[in-house]
Asker: 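Structure in structure tokens, see below.
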Amino acid sequence: LYDEPGGTFDTDILRTMFIDFEDVDYHNTLVDAFFENPALRIPATISIAEMVIDSVAVRYKGNSTFCLPNDYGRQKLPYNLDFNCWSEESDRMGYHKIKLANSWMDPTFAKEYISALIYRRYLPSPEVNLLSLNTQDDYTGLYVNTESINKQFLKKHFGEQDGVLFKCDPSGVF
């Protein structure tokens with residue numbers, strides 16, 4: 001059930017991803033959306049592994065990993081990338097959505113990866129690896145690339161996508 005070598009979440013490859021937003025004021029748009037309109041996503045072009053995907057729906061994700069770095073003026077913020085939000089056929093090497101975690105509270109960049117390896121011995125767990133991110137042609141940093149827990153995850157691990165899936169979204173916490 002987990003990626004083969006060369007797949008999206010191959011742990012032996014450190015890929016570089018480029019996010020290019022059409023909106024030059026993307027940061028302020030995404031920050032406003034985080035607080036005022038969490039469902040809003042803005043389009044970007046994603047380039048990775050010699051693949052270019054246009055019209056990817058992007059938003060900031062997280063609570064503490066977004067709010068605290070944003071409050072301190074850091075540019076390294078976590079992303080939610082939805083490859084088939086506007087185009088049903090679009091995906092990234094088989095995945096419709098991935099999450100890019102900034103590891104704000106984990107300077108080792110290992111917590112999520114190691115815990116996923118342990119968890120998968122006992123229960124279905126998301127795939128995780130690292131990637132290098134550039135935003136608007138500027139190096140943003142190293143990120144933890146994580147498979148989204150969504151209907152596609154349910155189908156992959158349980159053979160159906162209509163089962164119970166709980167999502168916590170306490171967006172007013174910070």
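Numbering starts at 1 and runs along the sequence shown. The structure presented is a predicted model; accordingly, all values stated were derived computationally and were not measured.
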Asker: Find the distance between NE2 (His96) and CZ (Phe83) and round it off to the nearest 0.5 Å.
Answerer: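 Those atoms lie 11.0 Å apart.
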Asker: Can you find a heavy atom in the side chain of Lys97 that is under 4.5 Å from one in the side chain of Asn80?
Answerer: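 They are in contact (side-chain heavy atoms under 4.5 Å apart), so the answer is yes.
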Asker: Where the side chain of Asp106 meets the backbone of Ala110, is there a donor-acceptor pair that is under 3.5 Å apart?
Answerer: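 The answer is yes, because a donor-acceptor pair under 3.5 Å joins these two groups.
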Asker: Got a donor-acceptor contact below 3.5 angstrom from the Asn102 side chain to the Lys76 backbone?
Answerer: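 Yes; at least one donor-acceptor contact below 3.5 Å.
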Asker: Distance from Phe34 atom CZ to Leu77 atom CG, nearest 0.5 Å?
Answerer: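 Phe34 atom CZ to Leu77 atom CG measures 9.5 Å (nearest 0.5 Å).
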Asker: Under a 3.5 Å distance rule, please check whether Ser132 uses its side chain to pair with a backbone N or O of Leu142 as donor and acceptor.
Answerer: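 The answer is no, because no donor-acceptor pair under 3.5 Å joins these two groups.
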Asker: Would the distance check show the side chain of Gln75 and the main-chain N or O of Thr140 forming a donor-acceptor pair, the cut-off being under 3.5 Å?
Answerer: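 Pair absent, no side-chain N/O of Gln75 close to backbone of Thr140.
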Asker: Heavy-atom count around Tyr72 OH within 6.0 Å, excluding the residue itself: above 12?
Answerer: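 Counting neighbours around OH of Tyr72, 12 or fewer heavy atoms of other residues, nucleotides or ligands fall under 6.0 Å, so no.
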Asker: Kindly compute the distance separating CG (Asp25) from CG (Leu30), expressed to the nearest 0.5 Å.
Answerer: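 Asp25 atom CG to Leu30 atom CG measures 9.5 Å (nearest 0.5 Å).
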Asker: If you draw a 6.0 Å radius around OH in Tyr119, do more than 12 non-hydrogen atoms from other residues or ligands fall strictly inside?
Answerer: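 Atom OH in Tyr119 is not packed in, count stays at 12 or less.
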Asker: Keeping the roles fixed (side chain from Arg59, backbone from Ala57), state whether a donor-acceptor pair exists under 3.5 Å.
Answerer: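 Absent.
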Asker: With no hydrogens and no angle check, just 3.5 Å: does a side-chain donor-acceptor pair link Asn129 and Thr11?
Answerer: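 Side chains of Asn129 and Thr11: no pair found under 3.5 Å.
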Asker: Verify whether one side chain among Lys156 and Tyr95 offers a donor that lies under 3.5 Å from an acceptor in the other.
Answerer: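 Side chains of Lys156 and Tyr95: pair found under 3.5 Å.
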Asker: When rounded to the nearest 0.5 angstrom, what is the spacing between CD1 in Ile98 and CG in Asn145?
Answerer: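 Rounded to the nearest 0.5 Å, the CD1-CG separation comes to 4.0 Å.
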Asker: Go through the structure and list residues passing side-chain contact (heavy atoms from CB on, under 4.5 Å) with Ile149, not counting sequence neighbours.
Answerer: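 With sequence neighbours excluded, Ile149 shows a side-chain contact (heavy atoms from CB on, under 4.5 Å) to Pro126, Phe153, Leu165, given in chain and number order.
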Asker: Do Val56 and Tyr79 have side-chain heavy atoms sitting under 4.5 Å apart?
Answerer: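 Answer no - side chains too far apart.
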Asker: Within the 3.5 Å criterion, strictly below it, is a donor on Asp54 or Thr45 matched to an acceptor on the partner's side chain?
Answerer: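 The criterion, which ignores hydrogens and geometry beyond distance, is satisfied for Thr45 and Asp54.
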Asker: Keeping Asp3 on the side-chain end and Thr8 on the backbone end, is there a donor-acceptor pair under 3.5 Å?
Answerer: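 Yes, because the side chain of Asp3 sits within donor-acceptor range (under 3.5 Å) of the backbone of Thr8.
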Asker: To the closest 0.5 Å, what do you measure between CG (Leu68) and CE (Met105)?
Answerer: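 If we round to the nearest 0.5 Å, Leu68:CG and Met105:CE are 5.0 Å apart.
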Asker: Between the side chain of Lys61 and the main-chain N/O of Phe66, is any donor-acceptor distance below 3.5 Å?
Answerer: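 Not confirmed, Lys61 side chain does not pair with Phe66 backbone.
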Asker: Measuring from atom CZ of Phe18 to atom CG of Asp137, what distance do you get when rounded to the nearest 0.5 angstrom?
Answerer: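 These two atoms lie 7.5 Å from each other.
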Asker: Can you tell me if Gln136 uses its side chain to pair, donor with acceptor, with the backbone of Phe21 under 3.5 Å?
Answerer: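 Yes, the answer is positive, given that a donor and an acceptor are paired below the 3.5 Å cut-off.
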Asker: So does Arg120 get a backbone contact from the side chain of Ser125, meaning a donor-acceptor N/O pair under 3.5 Å?
Answerer: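 Flag set: sc Ser125 to bb Arg120 pair under 3.5 Å.
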Asker: Going hydrophobic residue to hydrophobic residue with side-chain gaps under 4.5 angstrom, can you get from Leu133 over to Ile13?
Answerer: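 In one cluster with Leu133: Ile13, no.
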Asker: Do Glu112 and Thr146 pair up side chain to side chain, a donor and an acceptor below 3.5 Å, judged on atom types alone?
Answerer: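 Yes - a donor-acceptor pair under 3.5 Å links their side chains.
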Asker: Walk me through whether Tyr26 and Ile19 qualify under side-chain contact (heavy atoms from CB on, under 4.5 Å).
Answerer: CA-CA 11 Å; Tyr26 75 93; Ile19 300 178; over 6 Å; no
